[in-house]
Amino acid sequence: MKAVLNGRDAQLIEGLTRGQLLDALRCMLLSRKLDDKEIQLKNQSQIFFQISGAGHEAVLVAAGLTLRSGYDWFYPYYRDRALCLQLGVAPLEMLLAAVGAKDDPASGGRQMPSHWGHTKFNIVSGSSPTGTQVLQAVGSAEAAVIYSRVPQIPDRESRFKDDEITYVSLGEGATSEGEFWEALNAACLKQLPVLFLVEDNGYAISVPVEVQTPGGDISRLVRSFPGLHVDSIDGTDFFASLRAMRDATAYVRARKGPAFVHARVIRPYSHSLSDDEKLYKTPAEREAEAKRDPILRFTEFLKEKGIATDEDLAALTADVEREVNDAALRALAAPKPAKNTAELWLYSPDVDPASSAFETPARPEGKPDTMVSAINRTLKDEMARDARIVIFGEDVADVSRKDALPIVSGKGGVFKLTHGLQRLYGDDRVFNSPIAEASIVGRGVGMAVRKLKPVVEIQFFDYIWPAMMQIRDEMSMMRYRSGNTWSCPMVIRVPIGGYLRGGGPYHSQSGESIFAHCPGIRIAYPSTAIDAAGLLRTAIRCDDPVLFLEHKHLYRQTYNKGEYPGKDFMIPFGKASLRREGDHVLVITWGALVQRSLLAAQQAEKDHFSVAVLDLRTIVPYDWEAIASHVKRTSRVVIAHEDQVMCGFGAELAARIGGELFEHLDAPVKRVGAKNVPVAYNPDLEEAILPQSSDVLKAIRETARY
Ligand SMILES: Cc1ncc(C[n+]2csc(CCOP(=O)(O)OP(=O)(O)O)c2C)c(N)n1
């Protein structure tokens, strides 16, 4: 701000100087002109997608003026071009995204334009599902609180600010997503420093707000959330927006709780260039909308107040057009990503969990103990080593009501895997979450982006599905879609599988192949206590998202017990373990089928068939080298897993063995797995549905005799 203001320069409006007001207008114009330029380029087939921020500019510039770039954290919606400009993203950078350029800072040509991302300004990579960003923003806000409360984290000062805010925006349509409500729930439960901005342009593609929201007013619905600051404004009015943003940010910065601003805006252009709004909006409606155009309103205001003349405005517009045209020319000439880079950055390029760095010797201690004990001890030791590790999920804490902690022994998970961790490490690092699986994973993603190390628990594999969007579209893709600028290394521990005699369809499910089909996730599936310890430590110390599958039936068996292998023991991913030597048939297996295959192999020996049993231990990556070398030796293969045969992971292995090792085979590859039905409750039915040792034995015999 100028020290001495003269004449019209002296007029301060809402605390803004003439120069600041003209800058605000410039940003709005720049945003609109960039949209117009992209529309032109799309019509010329020079770019491949366009979605505009038109009509949203006033509230977004107001947000940008209020929030702090590179200090606060941002999860912007795809309409937030004006905000991102205000935060410092250059027009050229936006157009680099539009042309899919190699140097597009948001994604390196991997994600559609207007899916913002910029590490310099704390703008976290955006995806396309409407609503997933909201839970991640809550996780980001939660990370700030955790950093502030856990002094043991060595570099925490550089990772958070005491009064920072995480901003997240979404459309009114996206508030219909369940994840939005899970996010509000979590934010209000913990009074987190998050600012929700709903940009309500009245339509979600062609669906009007009254079909999304009962009563057509989202702010009315959220007013009863305790501690939530709620404001409802005309988001086409720059000054109303500025006041609302200032109030909301002051509330959040003062750590009074989360804030919610509902801004009614317009959408003067169609939803995207793939849409034609004339098909569902009447001409009268479109005309009424045009009259509320925020740029028009702001310009009129500046003229009325004598802040800008027509000449000033013409000069400003010409200047913006020049900037946009120059940027477009440069973007069109920018290098594109080379085709041979298409597979880069699925995983960390720096830390390879399959490498020898993760092969450390066991230093066994104590008596042989169960898989439960091995996992619990590994978590304990890892939490002591790395204060960034946070554990949350349903029932994972010892006790949420802290007063009871000295009196009761604590829950620590329905299978007791996390027992005692809260007592040791406190409830900032180990805590219960609401029953909301998307929330568990989505918040984990937000925390991992902020460089905490979430090790979350989904209580049963059967209930992982609400989190599927966060797993498949977010956790697995964060690194890839952002061109390796953002990542979310975290661990999801999940009890899986059946053989419970009474588990029924909803406590017995398998389904690792579904997740193996999501590029970007590692999957571990140990069958012994020692492997569980070694693989879990690798999962925690590596730099990728890991799905860690723990078989419930294997938790407390005696046959897979082991001595705790020490606090630095790791097993690299993608290294199978040969559980039994054999020359005639190879059984490839994992999880609960390892023991069943070993029993079958013992039986087969009575028929003089020598059977090798190979435990894969990790599904992604899997040990192709070991498979190939044993197949070449035995020439006969059985693949045995608990999951259904139909589309089970065995299908992938069988196809690859058939495709790449055909000349080494003396028999067709046989698969053993569950029948293609859910796992029924009645133990006899369960036995008939899940693969048994006798099924593996039959397959071994048929393969050996083929
Ligand atoms: C989970 C999900 N479902 C559907 C879509 C397809 N889709 C993209 S934008 C959109 C409408 C979103 O409306 P709203 O949140 O009101 O934002 P607006 O586009 O109006 O700004 C839909 C249905 C999507 N991207 N994600």
Side-chain angles (χ1 to χ4, degrees), residues 31-32 35 38-39 49-60 63 75-84 111-116 125-137 168-184 196-219 221-222 232 235-236 260-277 279-281 285-286 289 292-294 437-439 441-442 445 465-477 481:
S31 181
R32 187 71 62 90
D35 278 327
E38 282 190 1
I39 290 167
F49 177 77
Q50 209 285 326
I51 194 154
S52 87
H56 294 225
E57 295 94 341
V59 69
L60 291 170
Y75 284 82
Y77 213 35
Y78 48 77
R79 304 263 183 231
D80 284 17
R81 186 189 296 282
L83 169 72
C84 291
Q111 175 56 309
M112 290 170 145
S114 294
H115 291 68
W116 316 108
S125 159
S127 61
S128 302
T130 53
T132 42
Q133 75 278 19
V134 197
L135 281 168
Q136 293 171 29
V168 62
S169 59
L170 65 162
E172 83 294 341
T175 65
S176 303
E177 294 283 358
E179 292 195 11
F180 164 74
W181 296 98
E182 288 190 16
L184 266 187
F196 300 87
L197 173 65
V198 172
E199 297 162 38
D200 177 355
N201 58 27
Y203 276 88
I205 308 186
S206 69
V207 181
V209 62
E210 68 274 15
V211 179
Q212 297 281 352
T213 307
D217 179 355
I218 187 64
S219 42
L221 300 194
V222 304
S232 176
T236 65
F260 185 99
V261 176
H262 175 202
R264 286 199 171 80
V265 293
I266 58 160
R267 198 196 70 194
Y269 298 171
S270 294
H271 169 75
S272 71
L273 274 204
S274 320
D275 174 46
D276 178 3
E277 66 170 4
L279 297 176
Y280 51 85
K281 278 188 191 171
E285 194 177 356
R286 296 180 64 225
E289 252 194 322
R292 287 181 61 222
D293 190 311
E437 286 75 11
S439 172
V441 176
V445 171
W465 312 115
M468 195 61 184
M469 179 87 93
Q470 288 289 343
I471 295 173
R472 158 84 196 193
D473 280 0
E474 303 294 334
M475 185 181 87
S476 72
M477 293 193 198
R481 74 163 187 242

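In each ligand, atom 1 is the first atom listed, and ligand 1 is the first ligand listed. Index from 1, following the sequence.
- For a heavy-atom separation below 4.0 Å, the residues in contact with ligand 1 are Tyr77, Tyr78, Arg79, Ser128, Pro129, Thr130, Gly171, Glu172, Gly173, Ala174, Glu177, Asn201, Tyr203, Ala204, Ile205, His271, Met469.
- In summary, the side chains of Asp473 and Ser127 do not present any donor paired with an acceptor at a separation below 3.5 Å, with no hydrogens or angles considered.
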Next on the checklist: Determine whether Gln136 and Gln470 satisfy the following criterion, side-chain hydrogen bond (donor to acceptor under 3.5 Å, both in side chains), listing intermediate values before the conclusion.
Outcome noted: CA-CA 9 Å; Gln136 293 171 29; Gln470 288 289 343; 3.0 Å; yes

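- Side chains of Ser125 and His115: a donor-acceptor N/O pair is absent below 3.5 angstrom, by distance only.
- For residues 208-218, the side-chain hydrogen bond (donor to acceptor under 3.5 Å, both in side chains) pairs, not counting sequence neighbours, are Ser176-Gln212, Asp217-Ser219, Asp217-His262.
- For Arg79, the salt bridge (charged side-chain N to carboxylate O under 4.0 Å, His left out) test picks out no residue, with sequence neighbours left out.
- Residues passing the ring pair (Phe, Tyr, Trp, His ring centres under 6.0 Å) test with Tyr203 are Tyr280, sequence neighbours excluded.
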